[in-house]
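Just the heavy atoms: all of them, side chains too, but no hydrogens, waters or symmetry mates, feed the values below. Just so we're on the same page: letters track the sequence lines, and every chain starts at 1.
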There are 2 protein chains.
Amino acid sequence: MLSQTVEYALRAVIFLASVSPDAQTTSEIGRATQVPLAYLSKVLQGLRQEGILKSQRGVGGGISLVRTPQELTILDVVNAVEPLGRITTCPLGLAAHGEHLCPLHRRMDDAIQVMEEAFHSTTLAEVLADPNPSIPLTNIGAPLCGVPATSQKKKK
Amino acid sequence: MLSQTVEYALRAVIFLASVSPDAQTTSEIGRATQVPLAYLSKVLQGLRQEGILKSQRGVGGGISLVRTPQELTILDVVNAVEPLGRITTCPLGLAAHGEHLCPLHRRMDDAIQVMEEAFHSTTLAEVLADPNPSIPLTNIGAPLCGVPATSQKKKK
DNA sequence: TTAAATCCGGACATTCACATCCAATTTATG
DNA sequence: CATAAATTGGATGTGAATGTCCGGATTTAA
């Protein structure tokens with residue numbers, strides 16, 4: 001449904017949003033998000049090329065958000081990694097249909113659209129602010145489950 | 001987003017619904033839906049194993065729906081081919097979270113759920129009944145664009 | 001019984017998502 | 001300048017999704 005890469009990308013940007021506007025190294029992001037490090041670097045590279053993230057090489061460098069968490073929606077991230085694939089033209093290739101879809105494809109696109117709207121209506125800041133108060137278990141309520149919320153250790 | 005196989009499966013069942021309860025050969029379905037014949041047979045096989053379709057071998061045989069178009073939803077077909085992948089447990093593997101998702105995964109699952117509901121709320125019969133009246137172009141209004149609506153030629 | 005129609009199932013090919021590894025490049029700092 | 005920290009990009013591997021091919025099994029009908 002949603003690809004593994006989308007899952008990884010969202011974990012990464014949520015974590016980055018939680019420390020925004022600070023930069024984090026790929027290793028730090030990997031540790032926090034539990035994403036395989038070698039693959040994470042590819043995902044982050046893609047997000048940078050799409051203008052979601054920016055990077056700084058060298059000592060003290062790392063990855064950070066281009067926009068603020070208030071300005072960045074879940075949809076922005078999803079579309080940067082793998083566009084949702086709205087159905088805009090007839091998949092059967094009937095050019096005569098133009099922008100008008102048959103009843104089947106209209107409903108398929110409608111379903112994709114409601115998902116798109118759900119993603120568009122939520123910013124990273126809103127995810128972070130969600131207290132999720134009704135849940136009593138350990139570590140629940142963190143924007144990204146299992147992530148040590150805004151770990152503030154600066155060694156050296 | 002939605003896989004190619006889902007697209008093919010929906011085309012096939014919509015066509016079968018349009019002639020329900022009659023059976024159609026794989027070749028006839030392939031011609032009507034523009035799906036590669038060799039692959040279509042695999043897709044149909046899967047739908048049969050999932051209890052969506054039934055088949056009859058030999059001369060005069062073919063494929064037909066198990067249920068009526070009124071009783072079959074788009075979601076039934078989608079789930080038979082490739083389950084939507086609702087998020088029921090923490091993808092980070094934190095068992096302690098149990099059934100409670102963190103804010104990020106709660107929103108991701110919510111988005112999948114709205115799509116699931118959109119598919120669940122539509123039967124094949126409703127797709128077929130959709131007149132799509134506002135559209136003036138050729139062949140528009142057919143439940144599956146490009147399909148000769150309930151082609152009634154019986155040769156021999 | 002034979003033949004034709006039709007589905008069934010396995011083997012194979014291709015492409016892509018996912019993932020790993022490592023050398024090259026950039027940058028801050030002593 | 002030399003070194004260590006960090007990203008970048010290329011090469012490569014693996015498995016799943018997509019797609020093709022064909023012989024075998026089943027059923028109807030002549």
Touch class at under 4.0 angstrom, heavy-atom based, for A/Q49 against every strand present: sugar-phosphate
Shortest non-hydrogen contact between B/R48 and B/K54, atoms and distance: CG-CA, 4.3 Å
Lys/Arg-Asp/Glu bridge criterion (N-O < 4.0 Å) met for B/D130, A/R107: yes
B/L44: which of B/V35, B/T26, B/I52 passes side-chain contact (heavy atoms from CB on, under 4.5 Å): B/T26
Residue pairs fulfilling side-chain hydrogen bond (donor to acceptor under 3.5 Å, both in side chains) with at least one residue in residues 58-73 of chain B, sequence neighbours excluded: B/R67-B/D76, B/T68-B/Q70, B/T68-B/E71, B/T73-B/D76
Side-chain N or O of A/T5 closer than 4.0 Å to phosphate OP1/OP2 of C/dC18: yes
Atom-to-atom span, CD of A/E7 to C1' of C/dC18 - whole angstrom: 14 Å
Sole candidate of A/V77, A/I74, A/T33, A/L144 that passes side-chain contact (heavy atoms from CB on, under 4.5 Å) when paired with A/I14: A/L144
Donor-acceptor under 3.5 Å (A/T122 side chain, A/F119 main chain): no
DNA chain D contacts among residues 53-65 of chain B, heavy-atom distance under 4.0 Å: B/Q56, B/R57, B/G58, B/V59
Those residues of residues 35-47 of chain B lying under 4.0 Å from DNA chain C by at least one heavy atom: B/K42, B/Q45
Sugar-phosphate, base or nothing in reach of A/S27, heavy atoms under 4.0 Å: nothing
Heavy-atom pair of closest approach, residues A/L47 and A/A9: CD1-CB, 3.9 Å
